[in-house]
> 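Mind looking over this structure? Questions follow.
We name chains A, B, ... by the order of the sequence lines, and we start the count at 1 in each one.
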Protein chains: 2
Amino acid sequence: MNIMVTEKILIVDDEETLCEVLKLNLENEGYDVDIAFSAEQALTLDLREYSLILLDIMMGEISGIKMAKMLKADIKTSHIPIIFCTAKDTEDDMIMGLNLGADDYIMKPYTVRNVIARVKSVLRRTSGSKPVNASAEKPEILQIEGLQLDLEFKRCLVDGAEIKLTKKEFELLAYLISHRGKICSREQILAKVWSNEVVVLDRTIDVNITRLRTKIGKYGSYIVTRSGFGYGFSY
Amino acid sequence: MNIMVTEKILIVDDEETLCEVLKLNLENEGYDVDIAFSAEQALTLDLREYSLILLDIMMGEISGIKMAKMLKADIKTSHIPIIFCTAKDTEDDMIMGLNLGADDYIMKPYTVRNVIARVKSVLRRTSGSKPVNASAEKPEILQIEGLQLDLEFKRCLVDGAEIKLTKKEFELLAYLISHRGKICSREQILAKVWSNEVVVLDRTIDVNITRLRTKIGKYGSYIVTRSGFGYGFSY
DNA sequence: CGGATTTGTAACAATTATGAAACATTTATG
DNA sequence: CATAAATGTTTCATAATTGTTACAAATCCG
C-alpha cells in the first residue's frame, strides 16, 4: 500500500436516507465521507479539503446548479470535481449545456454500485490534481467579496471571471489588499512593488492604479485615493 | 514448484453461470479468480493486481470494447493482457480491426478446456511483464485527465497513446504537474529541473515549454504562461 | 472663489517577454 | 567512429508590459 491521504468526499443531497446509504458504501471503499443536507449547510464547511463533491441538482433554496456555479467561481474550490445527481427525466443536454465543468453526472434512481464506479472513475482521472496538503496548506489567496487573488497561480477572479492582470498590476493590488485599511504612501509602494530595481516616477503608480481600477470593475472603487498621502484598499 | 505469486484473473461477463463455471475451472488450475458482472463493477476493482482479464465484448452500459479502451488507455492497467470473448457471429476482422491490443480472443460458445488453454498460453507469453508487486506498489503516476506521467517507467501517455518525451521534457512536465496550481518562476524551474549541473539560459526553459506543449497535444494549453512570473500547470 | 497642487486619464514610446523556427552543440548509442 | 537523438543557443517577429508625458479634472487651502 502506498502512502496516501484518504480522499474526502462530500455528499450534498436533501434525501437523508440516500445520503446515509451512499456514505456507508463509500466509506466501505475507503473514502472519508461528509454529508450536507443543503447547499447552505455545505457552504459552512471548508470545501477545499474535499477531493470530490457529489451534488444533487434539485434541492432547496440554493439549487445544486447555483452551488456548482459558486464552487467553480471560487478560486479555492474551482478545481474540485463535481458529480451531479439528477432526476431521471432531466434532459441530458441541460446538464452538459450548463457548462459547469461537471466531471460527470448520474441519473436517479442510481445504484450504489454505479455511484461508486463513477466516483472512482472521476478520482482516477483527477488524481494528483489536488494540492499536496490541501487541508493543511496556507491558502495564499486574498479575497474581498467577489474579488479573489491567487498569489500562487498569480491570477485574479472578479465575480468568478478571470481577469488578466499584468505582473505589476497584480503585485500592486496584492500589496494594497494585504495592507487593507491603511493608506500606503507612494514611497512605500515603490519600495515594495517596484523594489529597488529601477528608478521610476511616482506617477507610474498613479497610472497603474488607474489601469487596475478599470480592470477590476466594480471593485475599482475599493482602491481609494487620499490626496497628498497615497492609496489604500478600503473596507 | 518454484516460488511464485498466484496469478490473478478477472472475468468480466454478465452471464453469471458461465462466470461461475469458468471461475471453478480456472481455480482448479491454480489461478485466483474474481468476477465482475459488468464493466462498471469491474472498474470498482483495483485492476492493477490482475495478470489477465477475460472480457466479454457484449455487455451493458459500458461495453467490453469501451472497457478495453479504458484499460489500454490507463497507464496503470495498459500492460494487462486481455482475452476477448465474442459471440460466434462476430466478425473476425472487427476484433482485430479495433486495434485494442487484445492478446487473444475466443468465440462463444467455447469449451472450458479451450479457455484454459488460451489463458495459459497468454500468461506464458506475457509472464514477467507485470509489475513486481503489482498490488502493493506505489503508483508514482501523475494523471490529469487523459494525460498520464509514469514517473517510474518514465513514460507519458496522452489519451492512451504513448508520447515520446525527452528527459528534460519529462522532468519539466513532471515538475509543473506536481506543482499544479502554482506559477513556477524560471529560477525555480532551473533549480529543480536543470539542477545546478550546467548553467543554461532562461530561454532554454521557454523552448522546452514550447516543445512540450506541442507534444502533449490538447493538454498543451494546460501549461500556462504568466508573463513576468513564469509557467504553471492549470486546473 | 481662485490659484496651486494633486490626481486621473489617454496617448504614446520604450522596453521587455514570449513563441516559433532555425541552427549549433553536446550527448547517447550502436 | 558515425549517426541519431537530445539539448542548448540564437535570431526574428510579435505581443505584452511598462514607463513617460501632456493635459484634463479634481482637490486643497488661503
Side-chain angles (χ1 to χ4, degrees), chain A residues 154-156 162-176 183-234, chain B residues 154-156 162-176 183-234:
Chain A
K154 313 292 185 193
R155 73 176 179 148
C156 169
E162 182 164 356
I163 298 296
K164 265 183 52 176
L165 293 186
T166 71
K167 186 182 181 191
K168 279 283 178 286
E169 288 160 359
F170 188 91
E171 291 175 337
L172 178 55
L173 182 54
Y175 181 76
L176 292 179
I183 295 299
C184 308
S185 71
R186 289 184 174 71
E187 281 176 1
Q188 291 173 319
I189 295 174
L190 278 184
K192 284 290 181 180
V193 177
W194 271 261
S195 192
N196 39 21
E197 320 157 2
V198 283
V199 182
V200 292
L201 304 178
D202 286 9
R203 303 306 312 283
T204 300
I205 298 172
D206 302 26
V207 175
N208 278 281
I209 290 281
T210 298
R211 289 170 181 158
L212 204 44
R213 280 190 178 133
T214 66
K215 281 197 182 179
I216 62 177
K218 68 182 176 193
Y219 300 101
S221 59
Y222 285 47
I223 301 176
V224 297
T225 308
R226 287 277 176 271
S227 191
F229 292 105
Y231 298 97
F233 203 94
S234 76
Chain B
K154 312 294 185 192
R155 71 176 180 149
C156 169
E162 181 162 359
I163 297 297
K164 262 183 54 175
L165 293 186
T166 70
K167 186 182 178 194
K168 279 283 178 286
E169 287 161 358
F170 188 91
E171 291 174 339
L172 178 55
L173 183 54
Y175 181 75
L176 291 179
I183 295 299
C184 309
S185 72
R186 289 183 174 71
E187 279 177 2
Q188 292 173 320
I189 295 174
L190 279 184
K192 285 291 181 180
V193 177
W194 271 261
S195 195
N196 38 22
E197 321 158 1
V198 282
V199 182
V200 292
L201 304 179
D202 286 8
R203 301 306 310 282
T204 300
I205 298 172
D206 302 25
V207 175
N208 278 280
I209 289 279
T210 299
R211 289 171 180 157
L212 203 44
R213 280 194 179 127
T214 66
K215 280 196 182 180
I216 62 177
K218 68 181 175 193
Y219 300 101
S221 59
Y222 284 48
I223 301 176
V224 297
T225 307
R226 288 266 182 275
S227 190
F229 288 109
Y231 297 99
F233 203 94
S234 77

> Rounded to the nearest Å, what distance is computed from the NZ atom of residue A/Lys167 to the C1' atom of nucleotide C/dT15?
14 Å
> Any base atoms under 4.0 Å from A/Phe170, or only sugar-phosphate, or nothing? Heavy atoms, all strands.
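Touches nothing.
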> Rounding to a whole Å, what distance do you find between A/Lys168:NZ and C/dT15:P?
16 Å
> Output yes when at least one side-chain N/O atom of A/Asn208 is less than 4.0 Å from OP1 or OP2 of D/dT18, else no.
no
> Rounded off to whole Å, could you give me the CG-to-C1' distance for the B/Leu190 and D/dT9 pair?
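Spelled out: CG on B/Leu190 to C1' on D/dT9 is 14 Å.
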> Reading DNA chain D from 5' onward, which residue's closest nucleotide shows up sooner: B/Thr204 or B/Lys164?
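The 5'-side residue here is B/Lys164.
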> Give a yes/no answer on whether the side chain of A/Tyr231 brings an N or O atom under 4.0 Å of OP1 or OP2 in C/dT6.
no
> Separation of A/Arg203 atom CZ from D/dT20 atom P, in whole Å?
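Taking CZ of A/Arg203 and P of D/dT20, I get 11 Å after rounding.
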> Which heavy atom in A/Arg186 sits nearest to a heavy atom in A/Asp202, and how many Å separate them?
CD-CB, 3.8 Å
> Answer yes if the side chains of B/Arg226 and B/Ser185 hold a donor-acceptor pair under 3.5 Å, and no otherwise.
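Checked: B/Arg226/B/Ser185 side chains show no N/O donor-acceptor pair below 3.5 Å.
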> Please tell me which of the listed nucleotides, D/dT21, C/dG8, D/dT17, lies nearest to the side chain of A/Val207?
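Comparing D/dT21, C/dG8, D/dT17 against the side chain of A/Val207, the answer is D/dT21.
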> Counting any heavy atom closer than 4.0 Å, what does A/Arg213 reach on the DNA or RNA strands: base, sugar-phosphate only, or nothing?
sugar-phosphate
> Which pairs, with at least one residue in residues 204-223 of chain A and sequence neighbours excluded, count as a ring-ring contact (aromatic ring centres under 6.0 Å, His included)?
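Matches after skipping sequence neighbours: A/Tyr219-A/Tyr222, A/Tyr222-A/Phe233.
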> Students often get this wrong, so: under 4.0 angstrom with heavy atoms, is A/Arg186 touching a base, only sugar-phosphate, or nothing?
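Sugar-phosphate: the residue A/Arg186, judged by heavy atoms under 4.0 Å, touches backbone atoms but no base.
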> With a 4.0 Å limit, can you tell me whether B/Trp194 has a side-chain N or O closer than that to the phosphate oxygens OP1/OP2 of D/dT7?
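Indeed not, no polar side-chain atom of B/Trp194 lies that close.
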> Considering every strand and a 4.0 Å limit on heavy-atom distances, what is the contact class for A/Thr210: base, sugar-phosphate, or nothing?
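Touches a base.
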> Expressed in angstrom and rounded to an integer, what is the separation of A/Asp206 atom CG from D/dA24 atom C1'?
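The answer, rounded to whole Å, is 14 Å.
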> Closest to the B/Ser227 side chain: C/dA17, D/dT27, D/dT9?
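Per side-chain heavy atoms of B/Ser227, the pick is C/dA17.
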> Which heavy atom of A/Lys168 sits nearest to which heavy atom of A/Asn208, and what is that distance?
CB-OD1, 4.2 Å
> In terms of side-chain heavy atoms of B/Thr225, which of D/dT17, D/dT7, C/dG19 is nearest?
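Closest nucleotide to the B/Thr225 side chain: C/dG19.
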> Quickly work out the B/Lys215 NZ to C/dA20 P distance and round it to whole Å.
15 Å
> Measure the distance from CD1 on A/Ile205 to P on D/dG19 and round it to the nearest whole Å.
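From A/Ile205 CD1 to D/dG19 P: 10 Å.
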> Name the residue closer to the 5' end of DNA chain D, choosing between A/Glu169 and B/Thr166 according to the nucleotide with the nearest heavy atom.
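Comparing both residues, the 5'-ward one is B/Thr166.
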> Is the base of D/dG8 touched by the side chain of B/Arg211 through a donor-acceptor pair closer than 3.5 angstrom?
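Counting by modelled atom types and ignoring angles, a donor-acceptor contact under 3.5 Å is found here.
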> How many whole angstroms separate atom CG of B/Leu201 from atom C1' of C/dA17?
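Checked: the CG to C1' distance equals 15 Å.
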> Does a salt bridge link B/Lys215 with B/Glu169, judged by any charged N lying under 4.0 Å from a carboxylate O?
yes
> Testing B/Tyr231, B/Tyr175, B/Phe229 for side-chain contact (heavy atoms from CB on, under 4.5 Å) with B/Cys184, which one passes?
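Only one option passes, and that is B/Tyr175.
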